[in-house]
Protein chains: 2
Amino acid sequence: MELDKSLISGSIPLLVMKLLEAGDLYGYQMIEELRRRSDDTFHLKAGTLYPLLHGLEEKGFVTAYEGEAAAGKPRRYYHLTERGREALREKEAAWNEYTRAVGQVLRGGACCAGA
Amino acid sequence: MELDKSLISGSIPLLVMKLLEAGDLYGYQMIEELRRRSDDTFHLKAGTLYPLLHGLEEKGFVTAYEGEAAAGKPRRYYHLTERGREALREKEAAWNEYTRAVGQVLRGGACCAGA
DNA sequence: TCCAATATATAGATTCCCGATATAAGGAGG
DNA sequence: CCTCCTTATATCGGGAATCTATATATTGGA
């Protein structure tokens, strides 16, 4: 089943930064990692990822450096900065608050006796 | 804290249809209900809701009818159709699958041991 | 040789939500 | 009486985010 693309909206930076928390990765690797770690649920597109990475770089959340290229084009690795880790913690908190609120609505709303 | 607006993307139709599952509501009421049931987390805007309702109507997920107006403009009530209930079940399933996948990535990915 | 996969990158189109604005009626306060 | 706020619905334009399509470059398999 194809997930509503729009559902993923907004959480992609969170997911990408989370991937980088454990160690530096290059773009293509993030796409594969995300697919693997989500049980094939997320198929992040290259056209989505690279502009996003450039944006994170501008904000100072990640830094980039050229790495060894075993084959093909040189690999561009990304590293999560301290500011990026801070932003990641904030985004995780926002995500948790958001899903809690949605879950509450789906379960029938805040409060007590039914509706 | 202001939630990243983009996080809400895509889940608004789900939330609105969920509100209508329990009974017919008019637009303004949905805004207040959603705010209440989410502990003031979601502040759905009129400029978001009404075009959305028209869209749901076009898809056959809701039907609309004029109701008694205690004051001011006549109230336009919305009713969730059988097709709408079906769509709601699908959207709820998609939401659950999506949050499960995000949670899995945030906890460190699919794979082996506990997770 | 041609195609697929790896690897990065940009531009255009689309979708989605919000802010601003308009309409309309009733009640409160000056 | 008149103005402002609240209720209530509605539309439009802007901005943000993602996808599709495309471009470039190299390696390995059919």
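Every heavy atom of this structure was used, including side-chain atoms; hydrogens, water molecules and symmetry mates were not. Residue numbers start from 1 in every chain, and the chains themselves are labelled A, B, ... in the order their sequence lines are given, proteins ahead of strands.
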Residues which pass salt bridge (Lys or Arg N to Asp or Glu O under 4.0 Å) with A/Arg89, listed by chain and number, not counting sequence neighbours: none
Between D/dT9 (C1') and B/Met30 (CE): distance, integer Å: 12 Å
Minimum-distance nucleotide (side-chain atoms of B/Pro13 versus D/dT7, C/dC17, D/dT11): C/dC17
Rounded distance (Å) that lies between atom C1' of C/dT8 and atom OH of A/Tyr77: 14 Å
A/Glu66 CD to C/dA7 C1', straight-line distance once rounded to whole Å: 11 Å
Nucleotide D/dA25, atom P - distance to OH of A/Tyr28 in whole Å: 19 Å
Between P of D/dT9 and CG of B/Leu44, the distance in whole Å: 12 Å
For A/Glu32, all residues meeting salt bridge (Lys or Arg N to Asp or Glu O under 4.0 Å), sequence neighbours excluded: none
Integer-rounded Å distance: C/dT8 C1' and A/Ile31 CD1: 10 Å
Contacting residues from residues 52-65 of chain B, given that a heavy atom lies under 4.0 angstrom of DNA chain C: none
Heavy-atom side-chain proximity of B/Thr41 to A/Gln104 below 4.5 angstrom: no
Per-pair distances, 0.1 Å, donor-acceptor, side chain in residues 60-67 of chain A, under 3.5 Å, sequence neighbours excluded:
| from | atom 1 | to | atom 2 | distance (Å) |
| --- | --- | --- | --- | --- |
| A/Tyr65 | OH | A/Asp24 | OD2 | 2.7 |
| A/Glu66 | OE2 | A/Arg76 | NH1 | 2.5 |

Sugar-phosphate only, base, or nothing, as touched by A/Tyr78 at under 4.0 Å among non-hydrogen atoms: sugar-phosphate
Residues within residues 17-27 of chain A bordering DNA chain C, heavy-atom distance below 4.0 Å: A/Tyr26, A/Gly27
Flag for B/Ser11-A/Tyr98: side-chain donor and acceptor within less than 3.5 Å: yes
Those residues that, when tested against B/Glu92, pass salt bridge (Lys or Arg N to Asp or Glu O under 4.0 Å) (two or more places apart): B/Lys18
Protein-nucleotide distance (A/Glu32, atom CD; C/dA7, atom P), rounded to Å: 7 Å
Shortest side-chain distance from A/Arg76, nucleotide among C/dA9, D/dT9, C/dC17: C/dA9
Candidate pair A/Leu88 and A/Leu20, rule side-chain contact (heavy atoms from CB on, under 4.5 Å), full reasoning: CA-CA 10 Å; A/Leu88 172 59; A/Leu20 290 173; over 6 Å; no
Of the listed nucleotides C/dC17, C/dT10, D/dT9, the one nearest the side chain of A/Pro51: C/dT10
A/Tyr50, nearest nucleotide to its side chain (from C/dA9, D/dA8, C/dC18): C/dA9
Nearest heavy atoms of B/Ala46 and B/Pro51, plus distance in Å: O-CD, 4.0 Å
A/Lys45 NZ to D/dT18 P, straight-line distance once rounded to whole Å: 12 Å
Presence of salt bridge, B/Glu33 and B/Arg36, under 4.0 angstrom: yes
